[in-house]
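Below is one structure, written out as structure tokens; comments come after it.
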Amino acid sequence: MSGRPAPAVPDALDALDRRLINALQGGFPLSDEPYREVAESLGTTEAELLARLQRMLDTRVLTRFGPMFQIERLGGRFVLAALAVPEERFAEVTGQVNALPEVAHNYRREHRLNMWFVLATETPGGIDDAIRRIEAATGLPVFAFPKRREFFVDMRLKA
Amino acid sequence: MNGIADELDRRLILATQAGLPRVPRPYDELAAQLGVSAAEVKQRLAAMLEAGRIRRIGAVPNHYALGYTANGMSVWDVDDARIVELGETVGRLDFVTHCYERPRRLPDWPYNLFAMVHGRDRASVLARIDEIATLLGPACRQHDVLFSTAILKKTGLRIGNRD
């Protein structure tokens, strides 16, 4: 089993940025001055950490900083679904699918099922309704792949 | 969100879904916004972490910005009787970022185990998928990998205000 790759980190990220990314991916303290606490554990200052964190959010090195909610435990639902889109209709169908606010992510993939998207709704019932609307708009059958079981993974990425 | 019975939890989720305030005392700032004490904010967040309603509090890196530019959705047709053991084995691999059991859609789709594999390029993703194939051995009847070639939309779930 090989380890993680040594990713091609952009030059704009220095060693402290990378240590911050690695340290900030979990276990953020629930204390009065959590940024200071993390900064001190890394041998830097609170002001430096806050400035770097803001810069990495502004430049989209980080997409978010805060609580990551487990949507199913809050009553909502995520469902992966796919379509086999005829190549000549790809742009049209992309527009039809993306028009639904319930479509949170959508990827083109190399397969006969060539469009894969995630439906995210605040209530379980919203998923079936979104699937019906996509089928009506596109005239294509939606293949839904609701998760049956989630296996534990460590989602942290090494910077 | 209908599943959140408690109004303060709901307001706390709405206040933090765009992120935690980047100020020296972030929980004090949330407390001021919500009109409660900082102790209450921290206690609510701790309770949601404990219950698994918050997975973790921290940074979400952009895969591409960290150089993980290739991602392959590997899909596996494995013995249903061994799915838990096999899913846990695959999920433990450090290059797998999501791992789920999902239903087959026969005859179009024979796969029941999905594992997202990230790497710097296609070759490294394929090499890792070979590792998974070796690990699964004869318990896997067939597999495939679907590379993404374009991000068509990426917004994530935004929890709306209840009207």
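A, B, ... follow the sequence lines: proteins, then strands. Residue 1 opens every chain. Computation of the quantities below employed the complete heavy-atom set of this structure, encompassing side-chain atoms and omitting hydrogens, waters and symmetry-equivalent molecules.
Judged by distance alone, the side chain of A:Lys147 and the main-chain N or O of B:Tyr100 form no donor-acceptor pair under 3.5 Å. Side chain of A:Arg109 to main chain of B:Leu146: a donor-acceptor pair is present (N/O by atom type, distance under 3.5 Å, no hydrogens or angles). Side chain of A:Arg64 to backbone of B:Gln17: a donor-acceptor contact under 3.5 angstrom is found. Proximity of a side-chain donor or acceptor of A:Arg36 to a complementary backbone N or O of B:Pro24 within less than 3.5 Å is not detected.
The contact between A:Met115 and chain B is made entirely by side chain atoms (from C-beta outward), counting heavy-atom distances below 4.5 Å. With a 4.5 Å cut-off on non-hydrogen atoms, A:Ser31 touches chain B through its backbone but not through its side chain. In this structure, chain A has heavy atoms under 4.5 Å from both the backbone and the side chain of B:Asn71. The contact between A:Glu33 and chain B is made by backbone and side chain atoms together, counting heavy-atom distances below 4.5 Å. Only the side chain of A:Gln54 comes within less than 4.5 Å of a heavy atom in chain B; its backbone stays farther off. Proximity to chain B is absent for every atom of A:Pro124, based on heavy atoms less than 4.5 angstrom apart. For B:Ala51, the part lying near chain A is the backbone, with the side chain staying farther off; criterion is any non-hydrogen pair under 4.5 Å.
Within the model, atoms CG of B:Leu113 and CZ of A:Arg149 stand 11.0 Å from one another, a figure rounded to the nearest 0.5 Å. In this structure, the separation between NE2 on B:His98 and CG on A:Leu80 is 10.5 Å, given to the nearest 0.5 Å. Here the straight-line distance linking atom CD of A:Glu150 with atom SG of B:Cys99 works out to 9.5 Å at 0.5 Å rounding. To the nearest 0.5 Å, atom CZ of residue A:Phe90 and atom CG of residue B:Leu152 are 5.0 Å apart. We find the OG1-NE2 distance between A:Thr63 and B:His63 to be 9.0 Å, quoted to the nearest 0.5 Å. Rounding to the nearest 0.5 angstrom, the gap separating the CD atom in B:Glu101 from the CZ atom in A:Phe151 is 5.5 Å.
Across all non-hydrogen atoms, the minimal contact from B:Tyr27 to A:Pro34 is CE1-CG, 3.7 Å. When every heavy atom of A:Leu62 is checked against every heavy atom of B:Pro61, the shortest pair comes out as CD2-CA, 3.8 Å. The shortest non-hydrogen separation linking B:Ser148 to A:Tyr107 is CB-CD2, 3.9 Å.
Scanning for salt bridge (charged side-chain N to carboxylate O under 4.0 Å, His left out) contacts around B:Asp80 gives B:Arg104, with sequence neighbours left out. For A:Phe145, the ring pair (Phe, Tyr, Trp, His ring centres under 6.0 Å) partners are A:Trp116, B:Trp109, B:Phe114, not counting sequence neighbours.
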Any chance you could lay out the side-chain contact (heavy atoms from CB on, under 4.5 Å) test for A:Asn114 and B:Thr149, step after step, and finish with the verdict? CA-CA 10 Å; A:Asn114 53 359; B:Thr149 52; over 6 Å; no
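Contact of the A:Leu74 side chain with the B:Asp9 side chain is not registered, since no non-hydrogen atoms from C-beta on lie closer than 4.5 Å. A 4.5 Å side-chain heavy-atom check between A:Leu113 and B:Asp108 finds every atom pair outside the cut-off. When side chains are defined from C-beta on, A:Leu30 counts as touching B:Ile57, because their heavy atoms get closer than 4.5 Å. At a threshold of 4.5 Å between non-hydrogen side-chain atoms, the residues B:Asn112 and A:Arg148 do not count as touching.
Among the residues in residues 30-48 of chain B, those with a non-hydrogen atom closer than 4.5 angstrom to a non-hydrogen atom of chain A are B:Lys42, B:Leu45, B:Ala46. Contacts from residues 81-90 of chain B to chain A, taken as heavy-atom pairs separated by less than 4.5 Å, involve B:Ile83, B:Val84, B:Gly87, B:Glu88 in sequence order.
Within a 6.0 Å sphere centred on CD of B:Glu50, other residues, nucleotides and ligands contribute 12 heavy atoms or fewer.
Per-residue heavy-atom pair counts under 4.5 Å with chain A were compared for B:Asp28, B:Leu49, B:Asn62, B:Val23, and the maximum is reached by B:Asn62. Residue with the most contacts toward chain A among B:Pro21, B:Ala59, B:Gly91, B:Gly19: B:Ala59 (heavy-atom pairs, distance under 4.5 Å).
Checking each of B:Ile13, B:Leu12, B:Thr16 against A:Pro67 for a side-chain contact (heavy atoms from CB on, under 4.5 Å) leaves exactly one that passes, namely B:Thr16.
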